[in-house]
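Worksheet for the structure shown next.
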2 protein chains.
Amino acid sequence: MTDSEVVELLRAHGIRPSAHRVAVASCVLGNDTHPSAETVLRKARERLPVISRATVYNTLNLLNEKGLLRQHPFGAGTVFDSNVSRHHHLIDEETGEMRDIPWEKLSVSGLESIKDAEITDYMIVIRGRFKKRRA
Amino acid sequence: MTDSEVVELLRAHGIRPSAHRVAVASCVLGNDTHPSAETVLRKARERLPVISRATVYNTLNLLNEKGLLRQHPFGAGTVFDSNVSRHHHLIDEETGEMRDIPWEKLSVSGLESIKDAEITDYMIVIRGRFKKRRA
DNA sequence: TCCCAAAACTGGACATAGTCTAGCTCGCAT
DNA sequence: ATGCGAGCTAGACTATGTCCAGTTTTGGGA
């Protein structure tokens with residue numbers, strides 16, 4: 001994703017695209033990696049040597065609030081996911097690495113039997129060992 | 001679960017049942033709450049005023065290794081679950097409170113299409129709002 | 001019973017992840 | 001040019017968890 005695409009995306013979601021925000025956003029958006037906040041901080045500093053931890057956290061939280069990314073606590077600590085459409089997750093038990101599984105690949109039955117809660121979202125979390133590189 | 005049942009359970013899993021370990025274990029085992037480590041520390045201190053944070057963590061990790069409980073990173077931070085049989089999870093979005101859903105209540109199809117990993121475990125994680133108290 | 005080694009426990013230092021705040025800076029409208 | 005507010009900064013602070021060196025407890029053997 002080019003910088004100008006990132007800028008457009010931020011604007012489209014009501015976020016003023018400062019240089020710092022663009023640097024942070026382009027570390028996460030438009031790819032299927034699942035970086036931690038510290039990873040984003042490190043990558044953002046490659047582009048913009050002076051950027052504070054607080055700015056990275058502020059920006060990630062802002063992107064989260066505005067629906068540009070999601071936060072997941074599984075895997076190796078909390079990671080960010082720019083795939084905001086519904087999908088499932090596959091996690092490598094050894095490394096904590098996380099991959100997305102398309103929504104259509106799996107399905108759940110029996111949800112109508114859940115009576116004691118109003119369901120807003122659900123996903124399947126699979127743990128195992130990756131065989132090889134991502135297809 | 002009585003103390004002597006806890007003692008038996010620990011022994012049966014090759015854990016020497018010291019007074020401290022029993023105090024910690026009985027805060028978690030035999031009930032369906034999902035306490036955090038800090039909650040366990042607080043509860044354990046009600047029984048045993050002098051018990052260190054390290055002992056609580058050591059014991060919880062030991063119980064985890066020996067298969068007496070599981071650790072889950074969803075919900076409100078990391079919590080412990082004495083239900084070690086397969087089950088799914090329902091999480092209240094507001095409070096982070098977690099409830100177990102029996103394995104048989106839900107089912108997943110399509111797992112055979114996962115080709116790039118050896119699956120060791122999976123579960124459904126549902127988010128929503130609890131309607132009322134646990135049945 | 002007494003003694004010893006091993007196991008368990010302790011407090012505190014350290015590590016990691018994340019939040020908060022007070023002050024500074026920069027871009028923009030006037 | 002100047003004043004203002006959004007954004008950014010460093011660093012202090014909190015929460016959670018690990019590690020370690022030293023001390024206490026425990027169980028088993030003489």
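Below, all heavy atoms of this structure are taken into account, side chains as well, without hydrogens, waters or symmetry copies.
Contacts between chain A and DNA chain D, taken as any atom within less than 4.0 angstrom of a protein heavy atom, begin and end at dA6(D) to dA10(D).
Judged as a side-chain hydrogen bond (donor to acceptor under 3.5 Å, both in side chains), and not counting sequence neighbours, D121(A) has no contacts. R47(A) pairs by the side-chain hydrogen bond (donor to acceptor under 3.5 Å, both in side chains) definition with D3(A), S26(A), not counting sequence neighbours.
In this structure, the side chains of D81(A) and D32(A) stay at 4.5 Å or more apart for every pair of heavy atoms. At a threshold of 4.5 Å between non-hydrogen side-chain atoms, the residues E65(B) and H13(B) do not count as touching. Residues F74(B) and H34(B) fail the side-chain proximity criterion, which asks for heavy atoms closer than 4.5 Å.
Under the 4.5 angstrom side-chain criterion for Ile, Leu, Val, Met, Phe, Trp and Tyr, the cluster partners of I114(A) are L90(A), I101(A), W103(A), L106(A), V108(A), L111(A), I119(A), Y122(A), I124(A), I126(A), F130(A), L90(B), I101(B), W103(B), L106(B), V108(B), L111(B), I114(B), I119(B), Y122(B), I124(B), I126(B), F130(B).
At least one donor-acceptor pair closer than 3.5 Å links the side chain of S82(A) to the backbone N or O of N31(A).
Ring-plane geometry between H89(A) and H87(A) is classed as perpendicular, the angle between the planes exceeding 60 degrees on a 0 to 90 degree scale with a lower cut at 30.
For the side chain to side chain contact (heavy atoms under 4.5 Å, CB included) criterion with V22(B), the lone passing option out of L9(B), L10(B), L48(B) is L10(B).
Counting heavy atoms of neighbouring residues, nucleotides and ligands inside a 6.0 Å radius, atom NZ of K66(A) does not exceed 12 of them.
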With the criterion being N/O to N/O and under 3.5 Å, what pairs connect the protein with nucleotides 18-20 of chain C, and how long is each?
{"from": "dG18(C)", "atom 1": "OP2", "to": "Y57(A)", "atom 2": "OH", "distance (Å)": "2.9"}

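Using a 4.0 Å cut-off on heavy atoms, none of the residues of residues 2-29 of chain A approach DNA chain C.
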